[in-house]
Amino acid sequence: MVVGDVTTGTEVLVVGGGPGGYVAAIRAGQLGLDVTLVEKDTYGGTCVNHGCIPSKALIAGSSLAGRVRDAEDMGIYADPAVDLSGMVGWKDRIVNRLTRGVEHLCERAGATLVEGRAEFAGPEEARIVHGGEGQGSETVAFEHAVVATGSRPIELPGFAFDGERILSSRHALALEEVPESLVVVGAGYIGMELASVFARLGTEVTVVEQLDAALPGFEDDVAEVVRSRVEDHGATFHFGLGAREWEEADAGGEAAGDGTGLTVVAEDAEGDQEQFTAERCLVAVGREPVTDTVALEAAGVETGERGFLDTDDRCRTNVDGIYAVGDVAGEPMLAHAAFREGEVAAEVIAGEPAALDNQAIPAAVFTEPEIGTVGMTAEEAAEAGFDPVVGEMPMRASGRSLTLDEREGFARIVADGDAGFVLGAQIVAPEAAELVAEVALAIEMGATLEDVAGTVHVHPTLSEAVHEAAMGARGESIHY
């Protein structure tokens, strides 16, 4: 029997249970609003299930294997055997625990959880289609709606994801056997993180990038440290080449129809071609917003550049009562930015005086070593009218970094030369994603170099590099 369409009502309808959506639902519930959260897949979204968390688990596992294998300087001699299926199983247990946790937190905040796909039927009404035969659908009338449908990997023309030979990042994180060889198309942060994982696991990795350097958007000396480390693990890089097509190939690289491998054909700006043969190909050229599943046009919600939803500093779209948070609302496409946007959207709906007024949003790349950045570079500060001063501490001068057998990288801090206000930082070092939080706080609270330099840091720690960089920017460096 098919369940007929029924109509229910809610104050706040949240479409999508990823970082922006579930936080919006929890915060709205805390503020006493009646909330309905609709998720068509799994709570936690891409971040928990197919992105941030699983990638960091595999990064940690492969890093541990690589460090043990390369620890002869420490007097440790080992050649660990890696069971990728076991590592993926461990990763899946972490993901399942966090997914259940997200669901519990939403329920505890009073949100009604609905499984299904939501699509707008108007600016105050949505239809929820439930999966499974005979499950039917329901109509939800709402006063406010939060669109949090996230993003998905961009699929290059001619490189349709099949999960077997042409992989998205989601597919790569679910592999149960280490591929012998892998072509990675794209040297952005996703491509570099996964290239480093598989290179450490023993895969012959070839990275093909259309631009002229890895990690576009980061300063050259930051990206160079990471690229060099990935090369140390055996990966090779080819820049200025765009992937155009692929064909089947046998293990020897000759075109074949037996499905044992593939050859990626890449082309430079002049039309000259190069070919790269491997067992599989990972395409990691960015992500696009998911807007084609929710019938935005029925509600009158407009999309802007590259299909993202345009929002203001209160997460409002062009339609009164409809908000957008997370990746679907555009840059910065970061889970922690989505957290903040979800909070703001819920508070604005509840009538609170909230807005996206953060001074800077930190970003991180979980390569080896990690990258952590926040605020302005020296060049950006100068363009903004500041007279920047810069302090830098190389990790080879950090006692704690050396005891971790890490020598590459640095901590750099940028400040206004007149007033001393901290403006930004670029850190490439072990635990850089943790270290950058100190500078993010300094920027947010309007701290000066004197504040950071005058704060006693524990010795020996990696955070001393940030302290020493602040000292150096004041011309007072002690340890370098």
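Keep in mind that what you see is a predicted model, and the values were worked out from it rather than measured.
- A salt bridge links R152 and E288; the closest N-O separation between the charged side-chain nitrogens and carboxylate oxygens is under 4.0 Å.
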Open item on the list: Y43 vs E115, test: side chain to side chain contact (heavy atoms under 4.5 Å, CB included). Steps then yes/no.
Closed with: CA-CA 9 Å; Y43 295 102; E115 294 184 11; 4.1 Å; yes

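- In this structure the side chain of E370 never reaches within 4.5 angstrom of the side chain of V428, judged on heavy atoms.
- Note: F142 and F120 have perpendicular aromatic rings, judged against thresholds of 30 and 60 degrees for the angle between ring planes.
- Residues T10 and V140 come closest through the heavy atom pair CG2-CG1, 3.6 Å.
- Taking CD1 of I427 as the reference point, atom CD1 of I413 lies at 8.0 Å (rounded to 0.5 Å).
- Across all their heavy atoms, G16 and L37 have their closest contact at O-CD1, 3.4 Å.
- The two residues I322 and P123 come nearest to each other via the heavy atoms CD1-O, 4.0 Å.
- Environment of CD in E124: sparse, with no more than 12 heavy atoms of neighbouring residues, nucleotides or ligands closer than 6.0 Å.
- Around CG of D357, the count of heavy atoms belonging to other residues, nucleotides or ligands within 6.0 Å exceeds 12.
- In this structure, the separation between CG on L194 and CG on L182 is 8.5 Å, given to the nearest 0.5 Å.
- Nearest approach of R400 to T461, heavy atoms of both residues: CB-C, 3.6 Å.
- Between the side chain of E39 and the main chain of G17, a donor-acceptor pair closer than 3.5 Å is present.
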Task: Evaluation steps, side chain to side chain contact (heavy atoms under 4.5 Å, CB included), between V328 and T291 - done: CA-CA 7 Å; V328 75; T291 56; 3.6 Å; yes

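- For the pair D416/T448, no side-chain contact is recorded, criterion being any heavy-atom separation below 4.5 Å from C-beta on.
- Under a 3.5 Å cut-off, the side chain of D451 and the backbone N or O of A447 do not form any donor-acceptor pair.
- Atom CD of E383 is surrounded by more than 12 heavy atoms from other residues, nucleotides or ligands within 6.0 Å.
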Task: H467 and E438: CA distance, side-chain angles, deciding distance, side chain to side chain donor-acceptor pair (under 3.5 Å) verdict - done: CA-CA 10 Å; H467 175 264; E438 175 179 359; over 6 Å; no

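- The backbone N or O of E431 lies less than 3.5 Å from no partner atom in the side chain of E434, so there is not a single donor-acceptor pair.
- D310 and T303 share no side-chain donor-acceptor pair at under 3.5 Å.
- Rounding to the nearest 0.5 Å places CD1 of I190 at 8.5 Å from OG of S55.
- Within a 6.0 Å sphere centred on CG of D162, other residues, nucleotides and ligands contribute more than 12 heavy atoms.
- In this pair, F161 and H171 present their aromatic rings perpendicular. The plane angle is above 60°, beyond the 30 to 60° band.
- Electrostatic pairing of E219 and R412 counts as a salt bridge here, judged by a charged N lying under 4.0 Å from a carboxylate O.
- Across C315 and V344, no two heavy atoms sit closer than the pair SG-CG1, 4.1 Å.
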- [ ] Starting from the C-alpha separation in whole Å, work towards a yes-or-no answer on side chain to side chain contact (heavy atoms under 4.5 Å, CB included) for Q210 and L241.
- [x] CA-CA 4 Å; Q210 190 162 8; L241 294 172; over 6 Å; no

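- For D268 (side chain) and G240 (main-chain N/O), no donor-acceptor pair under 3.5 Å exists by modelled atom type.
- Side-chain atoms of S477 and E468 include a donor-acceptor pair closer than 3.5 Å.
- In summary, the side chains of H130 and E138 do present a donor paired with an acceptor at a separation below 3.5 Å, with no hydrogens or angles considered.
- The residues R244 and E267 are annotated as salt-bridged, a charged nitrogen and a carboxylate oxygen being separated by less than 4.0 angstrom.
- A donor atom on one side chain and an acceptor atom on the other are not found under 3.5 Å apart for N96 and T99.
- Using modelled atom types, one side-chain atom of W246 and one backbone atom of G158 make a donor-acceptor pair closer than 3.5 Å.
- Although no hydrogens or angles enter the test, the distance criterion places a donor-acceptor pair under 3.5 Å between the side chain of Q426 and the main chain of M376.
- A distance of 10.5 Å separates CD in E224 from CG in L215, rounded to the nearest 0.5 Å.
- Open room surrounds CD on E379; 12 or fewer heavy atoms of other groups in view lie less than 6.0 Å from it.
- Closest approach of A381 to V414, counting heavy atoms only: CB-CG1, 4.3 Å.
- Put simply, the side chain of V439 reaches to within 4.5 Å of the side chain of V422, judged on heavy atoms.
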Open item on the list: Show, in sequence, the C-alpha distance, side-chain angles and deciding distance for L462 and S401, and conclude whether the side chain to side chain contact (heavy atoms under 4.5 Å, CB included) test is met.
Closed with: CA-CA 6 Å; L462 296 168; S401 190; 3.9 Å; yes

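- Dense packing is recorded around CZ of F237, with more than 12 heavy atoms of other residues, nucleotides or ligands lying under 6.0 Å away.
- Side-chain atoms of E11 do not come within 3.5 Å of backbone N or O of L33 as any donor-acceptor pair.
- In the displayed structure, D292 atom CG is contacted under 6.0 Å by more than 12 heavy atoms of other residues, nucleotides or ligands.
- Residues S137 and I128 form no side-chain contact, since every pair of their non-hydrogen atoms from C-beta on lies 4.5 Å or further apart.
- The residue from E343, E341, E347, E352 that alone fulfils the salt bridge (charged side-chain N to carboxylate O under 4.0 Å, His left out) condition with R27 is E347.
- No more than 12 heavy atoms of other residues, nucleotides or ligands sit less than 6.0 Å from atom NZ of K40.
- A heavy-atom distance below 4.5 Å is found between the side chains of D327 and R287.
- Side-chain N/O atoms of E193 and T367 include no donor and acceptor closer than 3.5 Å.
- Counting heavy atoms from C-beta on, the side chains of K91 and V88 come closer than 4.5 Å.
- Look at R229 and E406 and you find a salt bridge, because one of the NZ, NE, NH1 or NH2 atoms lies within 4.0 Å of a carboxylate O, short of that distance.
- Separation of atoms CG (L98) and CD (E103) is listed at 13.0 Å; rounding is to 0.5 Å.
- Judged purely by atom type and a 3.5 angstrom limit, H336 has no side-chain atom pairing as donor or acceptor with the backbone of L334.
- Atom OG of S196 and atom CD of E231 lie 13.0 Å apart (nearest 0.5 Å).
- Side-chain contact between V285 and V185: present, with at least one pair of heavy atoms (C-beta onward) separated by less than 4.5 Å.
- Looking at V15 and T149, their side chains come closer than 4.5 Å, going by heavy atoms from C-beta outward.
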